[in-house]
Amino acid sequence: MTPAIVVFVLLLFIGAPVAIVMAMSGLAGGFALGGERMLGIIADRMFSGVSGFLLIAVPYFIFTAELMNQGGLTHKLIAFNNSLFGRVRGALSHVNISVSVFFAGLTGAAVTDTVAIGKIMIPEMKKQGYDAEYAAAVTACSSIIGPIIPPSVVMVVYATLLRDISVIDLFAGGIIPGLLMALALLCVSFFLAWKRGYPKQAPTPLKVALMSFVVALPAMVVPLIILGGILSGLTTITEASGFAAVYAIVIGVVFYRNLTWRKIWDALVVTVRFSGVVFFLLATSAVLGWFVTRSGIARDAAGLITTFSDAAFLQLMMVCLLLLVIGTVMDVLPALVVVAPVLVPAMIQLGFDPLHFAILMIVVLNVSNVTPPVGMTLMTAARIAEVPYERAIVASLPFYVAFIGVIVLLAAFPALSTWVPSLL
């Protein structure tokens, strides 16, 4: 075990890519366990890590999201949500959050959401008198709803890593937590808009509102196609993701008429690049996961957790704090593939519901995505808003406090994560 930990810490300290860190530490651990005869298992573990049929859905989800981005979907969703909140003080702030809820069913990736919505909303918010750092904060914090409300690439990756939970249960379990996070953000947004006197717009005529709804409706059907097919049992995850990609091409070319062959090609390029990163992470994480299983680290981790407290809620809070700390130095997917093989078996040994802990882990790691010093989505939004990262951090604190409140609720009441899956 010691050689694996030494290699892991050393490579992470010198800034090696996370995939390399996991592969080399698993290799060192395997060699320590059984010498050269263990090394032949590494290639087999890497192949098995990316050979699951479920993983075909990952590039399809990414491709669908990129097609909708290239097809101008963001403008349609913003126009529709603006017709709902236009007359309310701080309208653009609320629109920013509500658009992310709709957009979550299409992207499943926080940074994609931040770029797609931020490039439109942040300049418009600055133009109407909102503080630039506030515009960056609300955009970044609302974007992390994307990987929680299904469909979610993060959940597909989780189901591949820990195969004791189906991705359908994860999708269903993320609905209430995602909506709770959106509600918490809206409460903070309404309060800050009232306190700071942010502007409101003229009421949208009913005819214009209906027209914006009709224009946005074909795009809003995409998550219904995916979730409806999966949760009803009519399609598998992979079939639903493939059909969604075909549907996105059809409405982009035929209905909106702004999806060209060049844009489709650009979407394919982005899909290949992002999918390559995901699959390489999964392949190397399988090596580390195999070593964790053979070495008994999960058992030791469970014992360590119980030494701090016997109270289940306090144990959960301690693990959530650990995940937040890990997420401050690693992005969501790398952090997930590193810690899940260790923490999940340990928490199951302690008697926690695996689905409840899975949803809680995904929520916490995504909240860490706006936690400095990394905070990739917040950093991206600050760059779009052209403000120092430090000012964006300060502006995001009220939303961050709201997220912590949601995490405590989810930890205290497991039914928030398990009730919807129990209905299926």
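What you see is a predicted model, and the numbers here were worked out from it, not measured in a lab.
N366 has its side chain within reach of I362: a pair of non-hydrogen atoms, C-beta onward, lies under 4.5 Å apart. L170 places a side-chain heavy atom less than 4.5 Å from the side chain of I359. Looking at P150 and I175, their side chains come closer than 4.5 Å, going by heavy atoms from C-beta outward. Side-chain contact between V401 and P398 is absent, with no heavy atoms from C-beta onward closer than 4.5 Å.
Looking only at distances, a side-chain donor or acceptor of S98 sits under 3.5 Å from a matching main-chain atom of V95. Formation of a donor-acceptor pair under 3.5 Å by the S189 side chain with backbone atoms of L186 is not found in this model. D353 places a side-chain N or O within donor-acceptor distance of the main-chain N or O of L355, the cut-off being under 3.5 Å. Proximity of a side-chain donor or acceptor of K126 to a complementary backbone N or O of A135 within less than 3.5 Å is not detected.
Closest non-hydrogen pair, V363 versus P177, comes out as CG2-CB, 4.3 Å. Taking both residues in full, the closest heavy atoms of A136 and A385 are given as CB-CB, 3.9 Å, listed atom of the first, atom of the second, then distance. Across V214 and F255, no two heavy atoms sit closer than the pair O-CZ, 4.3 Å.
Counting only N and O atoms by type, the side chains of S93 and Y134 include a donor and acceptor under 3.5 Å apart. For the residue pair Y400 / T371, a side-chain donor-acceptor distance below 3.5 Å is found, with atom types taken as modelled. Donor-acceptor pairing under 3.5 Å is lacking for the side chains of H356 and T418.
Between the CD1 atom in I144 and the CD1 atom in I149 there is a gap of 11.0 Å [rounded to 0.5 Å]. Residue N369 holds its CG atom at 8.5 Å from OG1 of T380, rounded to the nearest 0.5 Å. With rounding to the nearest 0.5 Å, the separation of CD1 in I176 from CG in L183 is 12.5 Å.
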